[in-house]
There are 2 protein chains.
Amino acid sequence: MARRSEHTTEELKEIAIRAGFEMMDEKGYQGFSARGVAAKMGYTVGTIYHLFGDLDTFILNVNARTLDEWYEDEVSRAPKKAEQLVRYYAHSYLAYARAHYNRWSALFEHRMQDDAPVPKWYAPKMMRMFDLIEGAVMPHVGDDPKAAARLAKLMWASVHGISTLSLQGKLDQTGAGAAERMIDDLIALAVGGKKVFVGFDKR
Amino acid sequence: MARRSEHTTEELKEIAIRAGFEMMDEKGYQGFSARGVAAKMGYTVGTIYHLFGDLDTFILNVNARTLDEWYEDEVSRAPKKAEQLVRYYAHSYLAYARAHYNRWSALFEHRMQDDAPVPKWYAPKMMRMFDLIEGAVMPHVGDDPKAAARLAKLMWASVHGISTLSLQGKLDQTGAGAAERMIDDLIALAVGGKKVFVGFDKR
DNA sequence: ATTGTTATTGAACACTGTTGAATTATATGG
DNA sequence: CCATATAATTCAACAGTGTTCAATAACAAT
């Protein structure tokens with residue numbers, strides 16, 4: 001068969017990404033397959049390859065959708081008060097990872113085949129998250145931009161590690177809210193300004 | 001064909017794990033396959049299923065080998081001086097991940113199918129790493145065991161996050177040693193006892 | 001020797017990703 | 001208005017994957 005011309009190429013890409021996004025949400029990265037997505041949108045595998053060239057590119061587009069949705073979420077719900085921003089972003093990261101585990105973890109489970117480099121349009125979608133945290137951290141480092149960039153990445157990476165290991169059950173933590181408490185500890189250390197763990201209070 | 005009886009079952013398991021370990025090192029988690037390992041050891045796929053029941057169990061055994069090797073490595077090379085222990089373990093984590101990226105990342109890329117729980121013999125091999133750090137951290141928290149456990153996990157998770165994102169190139173960091181500097185910053189915050197990022201020195 | 005046990009294989013099944021040739025609907029040009 | 005070119009879509013095929021299981025053959029026990 002051939003051209004249905006029910007949709008333009010751009011519309012089809014959108015449909016494919018949408019279907020892929022939903023499938024990622026439902027089945028997770030492991031259950032994600034080109035044939036599955038194609039079936040979901042009422043087409044065949046070949047169409048996806050025709051639209052995106054290769055599977056890596058398609059998955060990157062699906063993950064980019066997640067990053068866009070996530071970024072939008074962070075920005076729109078950020079509080080106005082500057083003092084609470086750091087705490088908000090840190091906990092918001094964990095909250096999003098928890099609430100949308102499948103599509104969040106897909107961001108980090110995906111690997112380019114043959115260790116091919118990530119295309120240039122994708123990387124910024126990950127990196128711009130730093131800008132948010134940089135801004136939030138700024139008042140805590142005496143408005144030093146270099147210090148802010150450095151601390152922002154440190155906090156981002158640390159929160160990421162806490163979230164990853166915690167949600168994978170690799171932290172041997174008991175009770176709900178353990179990961180949240182770890183993040184609070186981190187914030188206290190990085191930005192709290194007082195010694196937290198020497199003679200610390202048993203909360 | 002049938003029983004060659006060149007090796008006992010235990011010997012065969014050892015051979016399989018060894019072959020799997022090497023294959024993981026060479027090809028990475030993505031390039032790891034049951035047939036590949038079987039071929040490498042001069043047998044067929046069925047033998048691996050006969051030995052381990054299912055592929056998850058086999059991979060866990062291979063990863064357990066990594067954890068054993070890693071743990072041994074950490075313990076044997078740890079310095080005597082207590083003051084340097086925290087710094088040693090933190091940097092040692094990153095160093096191992098860098099030097100043996102394939103088998104290290106396999107520890108975290110592997111997911112149980114159907115989200116089946118990890119068998120009870122496996123989890124401790126991951127958890128005992130905490131004990132090392134707990135001990136190293138202890139003098140820094142006034143010998144409070146609860147505080148030590150809490151800080152140890154925080155540092156472990158944070159260093160894990162730094163290593164993961166850094167080695168995956170998701171941190172937008174320029175220049176060699178950037179990840180190492182992040183770890184130094186973390187140590188300074190957690191255990192250094194002074195404010196690091198307010199008026200911090202541009203090293 | 002005969003029987004039983006079990007290690008090992010091989011073939012089959014249902015899936016992957018990936019490629020390319022065959023179709024056919026539409027756009028273009030005469 | 002018909003002929004031709006373009007390109008969207010499908011289908012079939014290939015080489016892999018994990019997984020299961022009957023058939024085989026080597027050994028142990030009686």
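Just so we're on the same page: letters track the sequence lines, and every chain starts at 1. Side chains included, hydrogens not; waters and symmetry mates left out as well; all remaining heavy atoms used.
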Is the closest basic N to carboxylate O distance between B:Glu26 and B:Lys40 below 4.0 Å? yes
Could you list all N or O pairs between the protein and nucleotides 17-20 of chain C that sit under 3.5 Å apart?
from: C:dG17; atom 1: OP1; to: A:Ala34; atom 2: N; distance (Å): 3.3
from: C:dG17; atom 1: OP2; to: A:Ala34; atom 2: N; distance (Å): 3.3
from: C:dG17; atom 1: N7; to: A:Arg35; atom 2: NH1; distance (Å): 2.6
from: C:dG17; atom 1: O6; to: A:Arg35; atom 2: NH2; distance (Å): 3.0
from: C:dT18; atom 1: OP1; to: A:Gln113; atom 2: OE1; distance (Å): 3.1
from: C:dT18; atom 1: OP2; to: A:Tyr49; atom 2: OH; distance (Å): 2.6
from: C:dT18; atom 1: O5'; to: A:Tyr49; atom 2: OH; distance (Å): 3.3
from: C:dT18; atom 1: O4; to: A:Arg35; atom 2: NH2; distance (Å): 3.2

Under a 4.0 Å threshold between the charged nitrogen and the carboxylate oxygen, would B:Glu180 count as salt-bridged to B:Arg98? yes
Value in whole Å for how far the P atom of C:dA21 lies from NE2 of A:His50: 15 Å
Nucleotide D:dC27, atom P - distance to NE2 of B:His7 in whole Å: 14 Å
Please report the distance, rounded to the nearest Å, between CD1 in B:Ile48 and C1' in D:dT17. 13 Å
Apply side-chain contact (heavy atoms from CB on, under 4.5 Å) to the pair B:Arg103 and B:Tyr96, showing each step before the final yes or no. CA-CA 10 Å; B:Arg103 60 181 190 244; B:Tyr96 190 90; 3.1 Å; yes
Quick one: does NZ or CZ of B:Lys153 land under 6.0 Å from the six-membered ring centre of B:Phe130, within 45 degrees of the ring axis? yes
Whole-Å gap separating P (C:dT8) and CD (B:Glu6): 8 Å
Between A:Glu109 and B:Arg111, is there a side-chain N and carboxylate O pair less than 4.0 Å apart? yes
Does any residue of residues 9-29 of chain A have a heavy atom under 4.0 Å from DNA chain C, and if so, which ones, in number order? none
Tell me the interatomic distance from B:Gln30, atom CD, to D:dG16, atom P, rounded to whole angstroms. 17 Å
Rounded to the Å, how far apart are B:Tyr43 OH and C:dG10 P? 13 Å
Measure from the ring center of A:Tyr93 to the ring center of A:Trp156 and say whether it is less than 6.0 Å. yes
Would you call B:Glu14 and B:Arg65 a salt bridge, using N to O less than 4.0 angstrom? yes
Do the side chains of A:Arg150 and A:Glu134 get close enough for a salt bridge, i.e. N-O under 4.0 angstrom? no
Cation-pi, B:Tyr71 ring and B:Arg128 (6.0 angstrom, 45 degrees): yes
Give a yes/no answer on whether the side chain of A:Thr47 brings an N or O atom under 4.0 Å of OP1 or OP2 in D:dA8. no
Rounded to whole angstroms, how far apart are CG on B:Asp114 and P on D:dG18? 16 Å
